[in-house]
Amino acid sequence: MDIEELNLRLQRLVSAVNSATEEIDSLQEDIDAEDSAAQDGHEEFARTARRGEAGREWQIIQRRIDRGETTLEGVFSGADDSREAHILKQLAEKNLSRTAEEWTDEIANATSERPAKNPLAEFTQMVEQQQRVFDEIMDVLGEDDSRGNRD
């Protein structure tokens with residue numbers, strides 16, 4: 001391999017790595033924004049629950065959270081064995097199951113004119129994009145091997 005081929009190969013590799021880095025940075029910005037919005041949403045929901053606007057079970061659980069007697073993790077993991085926690089956990093499981101089914105159906109029925117627009121579809125697209133970048137990097141790295149060059 002001469003210096004020009006090596007330089008071209010290195011440029012393609014750097015380009016692929018830069019592309020992957022930009023994608024990762026963009027995803028991190030999206031995650032940070034979603035985390036911030038989720039935190040705001042959790043705080044607003046806690047206020048709603050305290051007022052009893054989310055139902056009696058939520059009001060009781062939120063009061064217990066505020067007193068440090070339980071956590072959302074405890075409620076939804078089953079560690080909190082109170083009646084209210086049990087009711088909320090069952091409801092969450094039912095809702096999550098229905099949502100997962102809807103998202104899976106949406107992905108299965110997606111077309112180029114009507115693509116799926118849900119977090120599962122977005123995650124799948126992100127993984128596919130990362131795989132394409134990885135494959136591109138591996139192609140650049142493996143070009144010499146495929147031509148039989150081992151210098």
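The analysis underlying the following values was restricted to heavy atoms, covering all of them including side chains, and did not include hydrogens, waters or symmetry mates. The structure presented is a predicted model; accordingly, all values stated were derived computationally and were not measured.
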**Q** So, Ser36 side chain and Asp32 main chain: donor-acceptor pair closer than 3.5 Å or not?
**A** no

**Q** Please report the interatomic distance CG(Asp30) to CG(Asp25), rounded to the nearest 0.5 Å.
**A** 11.0 Å

**Q** So which heavy atom on Arg51 is nearest to which on Gln59, and how close?
**A** C-NE2, 3.8 Å

**Q** How far apart are the closest heavy atoms of Arg64 and Asp80, and which atoms are they?
**A** NH1-OD2, 2.7 Å

**Q** Would you call Arg98-Glu101 a salt bridge at under 4.0 Å N-O?
**A** no

**Q** Atom CG in Asp66, atom CD1 in Ile61: separation rounded to 0.5 Å?
**A** 11.5 Å

**Q** Could you pull out the closest heavy-atom pair between Ala49 and Ala54, with the gap in Å?
**A** CA-CB, 4.3 Å

**Q** Between Ile87 and Glu57, what is the shortest heavy-atom contact and its length?
**A** CD1-OE2, 3.7 Å

**Q** Indicate yes or no for a side-chain donor-acceptor contact from Asn7 to the backbone of Ile3 under 3.5 Å, with no hydrogens or angles considered.
**A** no

**Q** Please answer whether the main-chain N or O of Ser15 pairs with a side-chain N or O of Ser19 as donor and acceptor at a distance below 3.5 Å.
**A** no

**Q** State the CD-CD distance between Glu29 and Glu34, to the nearest 0.5 angstrom.
**A** 12.0 Å

**Q** Enter the distance from Arg83:CZ to Leu88:CG here, rounded to the nearest 0.5 Å.
**A** 9.5 Å

**Q** Are there more than 12 heavy atoms of other residues, nucleotides or ligands under 6.0 Å from atom CD of Glu44?
**A** yes

**Q** Do Glu22 and Asn18 get their side chains close enough for a donor-acceptor pair, meaning under 3.5 Å?
**A** no

**Q** Taking the six-membered ring for Trp, are Trp58 and Phe45 parallel (under 30°), tilted (30 to 60°) or perpendicular (over 60°)?
**A** perpendicular

**Q** To the nearest 0.5 Å, tell me how far Gln39 CD sits from Glu43 CD.
**A** 4.5 Å

**Q** Can you tell me if Arg56 uses its side chain to pair, donor with acceptor, with the backbone of Glu84 under 3.5 Å?
**A** no

**Q** For residues 18-40, pull every pair meeting ring pair (Phe, Tyr, Trp, His ring centres under 6.0 Å), keeping only residues two or more places apart or in separate chains.
**A** none

**Q** A side-chain contact here means heavy atoms from C-beta on lying under 4.5 Å apart; do Ser77 and Thr71 qualify?
**A** no

**Q** For a 4.5 angstrom cut-off between non-hydrogen side-chain atoms, does Glu106 reach Lys117?
**A** yes

**Q** Do Phe76 and Ile65 share a hydrophobic cluster, counting only Ile, Leu, Val, Met, Phe, Trp and Tyr and linking them when any side-chain heavy atoms are less than 4.5 Å apart?
**A** yes

**Q** Thinking salt bridges, do Glu93 and Lys89 make one under a 4.0 Å N-O criterion?
**A** yes

**Q** Can you tell me how far OG1 of Thr21 sits from CD of Gln28, rounded to the nearest 0.5 angstrom?
**A** 13.0 Å

**Q** Between Val17 and Phe134, is there a shared hydrophobic cluster once you connect ILVMFWY residues whose side-chain heavy atoms come closer than 4.5 Å?
**A** yes

